[in-house]
*Asks:* 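I'd like to ask you about the structure that follows.
This is a predicted model, so every value here is computed, not measured. Below, chain A is the first sequence line, B the second, and so on; all start at residue 1.
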Number of protein chains: 2
Amino acid sequence: MPASTEWVLHCATSLAQLDERASASTNQLAEYFDLPRAYLAKQLKALVKAGVLTATTGPRGGFRLARPPAEISLLDIVEAVDGGADPYECREIRQQGRGALSAEACRHTCVLAAKMAEAHEAWRSSLAGVTLAEILDQIPDWAPARTRSILGGG
Amino acid sequence: MPASTEWVLHCATSLAQLDERASASTNQLAEYFDLPRAYLAKQLKALVKAGVLTATTGPRGGFRLARPPAEISLLDIVEAVDGGADPYECREIRQQGRGALSAEACRHTCVLAAKMAEAHEAWRSSLAGVTLAEILDQIPDWAPARTRSILGGG
DNA sequence: GAGGTTCTACTCGGATAGTTAGTGTCCGAGTCGCCATGG
DNA sequence: CCATGGCGACTCGGACACTAACTATCCGAGTAGAACCTC
């Protein structure tokens with residue numbers, strides 16, 4: 001799993017701590033976490049494309065959440081940058097080589113692939129059950145004010 | 001996730017269909033699924049190191065299950081080749097940059113990392129609940145005999 | 001024909017190149033805010 | 001003092017190099033079995 005996943009999770013959490021109308025730019029977020037500016041922008045763009053963030057251009061512009069924190073799950077964020085595809089890709093090797101099965105025998109999906117898909121679904125379900133609002137509930141009370149102060153203040 | 005994960009899952013399933021004392025070599029398995037021989041051997045070696053398979057050398061040698069199929073879960077196989085580490089690695093970016101938190105504030109683990117770890121644990125739990133014996137129950141009745149025939153017969 | 005020995009062929013194991021995805025970087029197009037200017 | 005036009009700086013967005021992991025491959029050490037020779 002890419003390291004950028006952690007970046008966007010923290011960035012989204014930080015954006016969730018801002019005021020309703022406020023936004024943070026790539027530069028602000030990159031300096032806040034000491035991350036490569038341009039590459040971070042690439043990831044944030046993916047979040048915009050996925051509908052998790054909205055981007056405003058020009059001075060005082062930047063990114064903000066597209067929906068209330070209660071309506072954004074960790075799964076939305078992770079899959080926005082990771083693609084949302086099951087990491088286990090069934091390449092149907094059961095149809096290759098000396099032991100190749102007939103097309104008839106492969107009408108139902110591979111049992112192993114099904115079990116792997118179930119596990120992936122369990123993972124997705126776990127992340128889908130956690131929203132940014134719940135994350136905000138679990139951070140210290142003084143954190144939001146501090147985040148706003150440091151992100152906003154040059 | 002590496003493509004070799006699918007290889008070892010299918011190989012382990014095939015080995016589970018053999019007789020108690022029988023074994024299959026890298027060559028046999030590679031030809032059975034039309035896979036690169038040497039690279040497959042690398043993965044099988046990892047399974048041996050993890051204690052899932054046992055290897056016997058010399059003619060008529062090869063690999064066999066180290067335990068009964070009922071005692072080998074898909075998780076055992078996957079983690080043997082994948083390393084078993086959580087794909088999400090918390091690099092503690094909250095302690096970097098302008099917004100770096102004090103060491104005091106980071107005494108408890110990052111909430112985001114905890115949630116990601118929970119999801120990973122859900123994934124592991126799902127795979128740990130599926131054994132090779134259950135997989136064998138779900139494949140057609142004629143499959144084991146066919147596998148033995150093709151794997152054994154040159 | 002039986003036993004011992006040699007020999008071969010087959011097995012796994014570690015060290016070595018090639019390829020793709022992830023990582024990092026740069027520059028360009030567009031837009032909002034600020035400042036100077038004129039009324 | 002207020003409205004307006006221009007300017008500048010900051011923003012996001014896409015196109016171009018670099019690194020690490022996965023993929024693929026080769027060759028060597030060791031061993032079980034078979035064949036052969038001897039008795």
*Asks:* To the nearest angstrom, how far is B:Arg64 atom CZ from C:dT11 atom P?
*Replies:* 14 Å
*Asks:* Keeping the roles fixed (side chain from A:Asp34, backbone from A:Glu31), state whether a donor-acceptor pair exists under 3.5 Å.
*Replies:* no
*Asks:* Tell me: CZ of A:Phe63 to P of D:dT11, nearest whole Å?
*Replies:* 11 Å
*Asks:* What is the separation between atom CD on B:Glu31 and atom P on C:dC10, rounded to the nearest whole Å?
*Replies:* 12 Å
*Asks:* Could you pull out the closest heavy-atom pair between A:Gly51 and A:Ala66, with the gap in Å?
*Replies:* O-CB, 3.4 Å
*Asks:* What do you reckon, are the aromatic ring centroids of B:Phe33 and B:His10 less than 6.0 Å apart?
*Replies:* yes
*Asks:* Locate the shortest heavy-atom distance separating A:Arg91 from B:Ala3; write the atom from each residue and the value.
*Replies:* NH1-CB, 3.2 Å
*Asks:* Classify every nucleotide of nucleotides 17-36 of chain C by which part a protein heavy atom approaches to under 4.0 Å, writing B for the base, S for the sugar-phosphate alone and - for neither, in 5'-to-3' order.
*Replies:* -----SBBBB---BBBS---
*Asks:* Closer than 4.0 Å, any side-chain N/O of A:Asn27 to the OP1 or OP2 of D:dT11?
*Replies:* yes
*Asks:* Can you tell which of A:Leu132, A:Thr5, A:Leu53, A:Leu127 makes a side-chain contact (heavy atoms from CB on, under 4.5 Å) with A:Ile77?
*Replies:* A:Leu132
*Asks:* Check the distance between D:dC12's P and A:Lys49's NZ and give it to me in whole angstrom.
*Replies:* 18 Å
*Asks:* Whole angstrom is fine here: how far is it from CG in B:Leu44 over to C1' in C:dG14?
*Replies:* 15 Å
*Asks:* Calculate the interatomic distance between A:Leu15 atom CG and D:dC12 atom P; express it in whole Å.
*Replies:* 11 Å
*Asks:* Treating A:Ser25 as the side-chain partner and A:Gln28 as the backbone partner, does any N or O pair qualify as donor plus acceptor under 3.5 Å?
*Replies:* yes
